[in-house]
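Take a look at the structure below.
What you see is a predicted model; the values in this text were computed from it and never measured. In what follows, residues are counted from 1 in the order of the sequence shown. Both ligands and their constituent atoms are indexed starting at 1 by order of listing.
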Amino acid sequence: MRVLALANQKGGVGKTTTAINLGTALAAIGETVLIIDLDPQGNASTGLGIERRNRKLSTYDVMVGTEPLRAVLQATIVPRLSIAPSTLDLLGVELEIASRRDRAHCLKAAVQALRQEQKERPEAERFTYVLIDCPPSLNLLTMNAMTAANSVLVPLQCEFFALEGLSQLLATVDQVRTNLNPALTIHGIVLTMFDSRNSLASQVVADVRGFMGDKVYQTVIPRNVRVSEAPSHGKPVLLYDLKCSGSQAYLKLASEVIQRERVFRAAASLESEAS
Ligand code: ADP
Ligand code: MG
């Protein structure tokens with residue numbers, strides 16, 4: 001089970017859209033996926049058709065430790081894709097856990113319990129990917145996500161200020177690696193909302209590739225109106241319009257993510273054989 005935190009402290013860069021549609025694309029190619037909605041806004045939950053009145057249990061209960069992940073998750077309209085929904089209660093969670101010594105490890109504890117359960121109960125649904133949709137802030141919720149994760153996936157909008165804030169995000173990942181989660185890696189950076197009619201957009205792509213090299217996925221997600229329409233129908237864009245450029249891009253991204261995982265795993269097993 002691989003855990004990826006989708007993080008960027010900027011709002012509106014495509015974190016939630018990527019969580020929903022990368023999750024759907026991974027499920028479409030055979031993975032079993034859990035999205036953990038860790039944003040109090042709950043856009044990932046809404047975008048996957050989980051109405052607020054049906055969110056009796058949520059990631060709030062998981063964070064305060066009263067429910068295991070397994071108890072709060074819900075199936076979605078996408079086969080092999082489940083979600084742990086969020087509610088506005090999450091807004092208060094920081095205050096509630098702030099004084100705990102293990103405040104950055106609440107989500108990690110829940111993820112580890114799920115991992116353990118998958119080992120012990122072969123009949124339980126086995127998730128191969130967990131995607132955590134983070135809030136637009138480097139707060140305690142995002143810290144929890146990065147502490148629970150194997151890797152961070154950074155959605156970056158193709159706009160003039162794309163690189164602004166990226167160094168702060170990378171510094172935060174370094175901090176988490178030093179203090180909370182030594183094995184944390186950056187999985188990759190995905191450029192989103194690319195608009196070919198905007199002459200600046202190609203320059204931004206070149207700049208980000210120049211700065212981050214092959215950490216940037218080859219796949220660039222185009223700006224596509226179908227992508228932004230889909231959530232209001234409570235559907236991922238892959239179900240709303242499979243043929244559109246946005247859906248096709250998320251399918252490509254999913255195979256790139258899996259390919260990178262293979263490379264990571266091969267490197268790790270070579271390392272352990274060598275030692
Ligand atoms: P974040 O979670 O980082 O705040 P969202 O995923 O909610 O960002 O995206 C912000 C807005 O941009 C949403 O209205 C979403 O529908 C829209 N959007 C995201 N990706 C695309 C895209 N590829 N094409 C068009 N609109 C998009
Ligand atoms: Mg969001």
Side-chain angles (χ1 to χ4, degrees), residues 4-25 35-50 52 55 58-59 83-88 90-91 131-139 141-142 144-146 152-166 168-169 172 187-198 200-202 204-205 208 216-254 256:
L4 310 184
L6 279 74
N8 187 330
Q9 73 274 27
K10 283 194 197 179
V13 299
K15 289 181 291 298
T16 300
T17 304
T18 300
I20 293 175
N21 294 302
L22 174 61
T24 302
I35 294 177
I36 298 180
D37 190 349
L38 212 58
D39 185 345
Q41 297 302 321
N43 294 338
S45 312
T46 311
L48 280 168
I50 311 291
R52 284 194 183 272
R55 299 179 206 167
S58 70
T59 48
I83 182 161
S86 86
T87 60
L88 287 168
L90 257 192
L91 281 172
L131 306 180
I132 309 172
D133 187 24
C134 292
S137 151
L138 296 174
N139 60 11
L141 288 168
T142 298
N144 263 274
M146 290 187 181
V152 180
L153 194 157
V154 183
L156 212 63
Q157 189 180 345
C158 296
E159 50 156 14
F160 181 62
F161 293 111
L163 280 169
E164 190 190 79
L166 183 58
Q168 196 194 355
L169 179 61
T172 304
H187 202 280
I189 293 177
V190 56
L191 291 158
T192 65
M193 291 181 250
F194 177 79
D195 184 352
S196 55
R197 290 164 306 180
N198 180 343
L200 210 64
S202 303
V204 171
V205 172
V208 175
V216 186
Y217 299 105
Q218 286 303 315
T219 310
V220 173
I221 309 296
R223 185 177 280 286
N224 177 199
V225 66
R226 307 300 269 170
V227 173
S228 55
E229 286 168 1
S232 64
H233 300 266
K235 281 182 183 174
V237 70
L238 281 97
L239 289 194
Y240 179 64
D241 183 353
L242 177 63
K243 292 215 176 88
C244 77
S245 60
S247 296
Q248 294 303 309
Y250 274 111
L251 280 168
K252 268 178 68 189
L253 180 65
E256 235 186 296

* **Check: N139 side chain, T142 main-chain N or O, donor-acceptor pair, under 3.5 Å** => yes
* Asked: If you measure every N/O of T18 against every N/O of ligand 1, is any gap under 3.5 Å?
  -> no
* **Polar contact flag for K15 and ligand 1 (N/O pairs, less than 3.5 Å)** => yes
* Protein heavy atom under 4.0 angstrom of atom 13 (C) of ligand 1, is there one? -> no
Could you measure the distance from the [atom1] atom of [X] to the [atom2] atom of [Y]? Nearest 0.5 Å is fine.
X: L141; Y: T59; atom1: CG; atom2: OG1; value: 8.0 Å
X: L131; Y: T16; atom1: CG; atom2: OG1; value: 11.5 Å
X: E164; Y: E159; atom1: CD; atom2: CD; value: 8.5 Å
X: L6; Y: K15; atom1: CG; atom2: NZ; value: 9.0 Å
X: H187; Y: L4; atom1: NE2; atom2: CG; value: 5.0 Å
X: D241; Y: K235; atom1: CG; atom2: NZ; value: 10.5 Å

* Asked: Atoms of ligand 1 less than 4.0 Å from V227 heavy atoms?
  -> 20 (N), 21 (C), 22 (C), 23 (N), 24 (N)
For [atom], what is the nearest protein heavy atom, given as residue, atom name and distance?
atom: atom 24 (N) of ligand 1; result: N224 N, 2.9 Å
atom: atom 21 (C) of ligand 1; result: M193 CG, 3.5 Å
atom: atom 7 (O) of ligand 1; result: T16 CB, 4.0 Å
atom: atom 19 (C) of ligand 1; result: T17 OG1, 3.3 Å
atom: atom 8 (O) of ligand 1; result: G14 N, 3.0 Å
atom: atom 4 (O) of ligand 1; result: G12 N, 2.7 Å
atom: atom 26 (N) of ligand 1; result: S228 CB, 3.5 Å

* Record the part of V13 in heavy-atom contact with ligand 1 below 4.0 Å; permitted values are side chain, backbone, both and neither. => both
* Among T192, L153, V190, which residue meets the side chain to side chain contact (heavy atoms under 4.5 Å, CB included) test with L253? -> V190
* Counting heavy atoms only, name the option from A7, G246, P222 that's nearest to atom 23 (N) of ligand 1. => P222
* To do: Please check if any side-chain donor atom of T46 sits under 3.5 Å from a side-chain acceptor atom of R55, or the reverse.
  => yes
* Asked: Is the shortest distance from a heavy atom of G11 to ligand 1 less than 4.0 Å?
  -> yes
* Give a yes/no on ligand 1: does I221 have at least one heavy atom closer than 4.0 angstrom to it? => yes
* Structure fact -> Looking only at heavy atoms, the pair that brings T18 and G14 closest together is OG1-O, 2.7 Å
* To do: For the Mg ion (ligand 2), decide whether T16 has an N, O or S atom at a distance under 2.8 Å.
  => yes
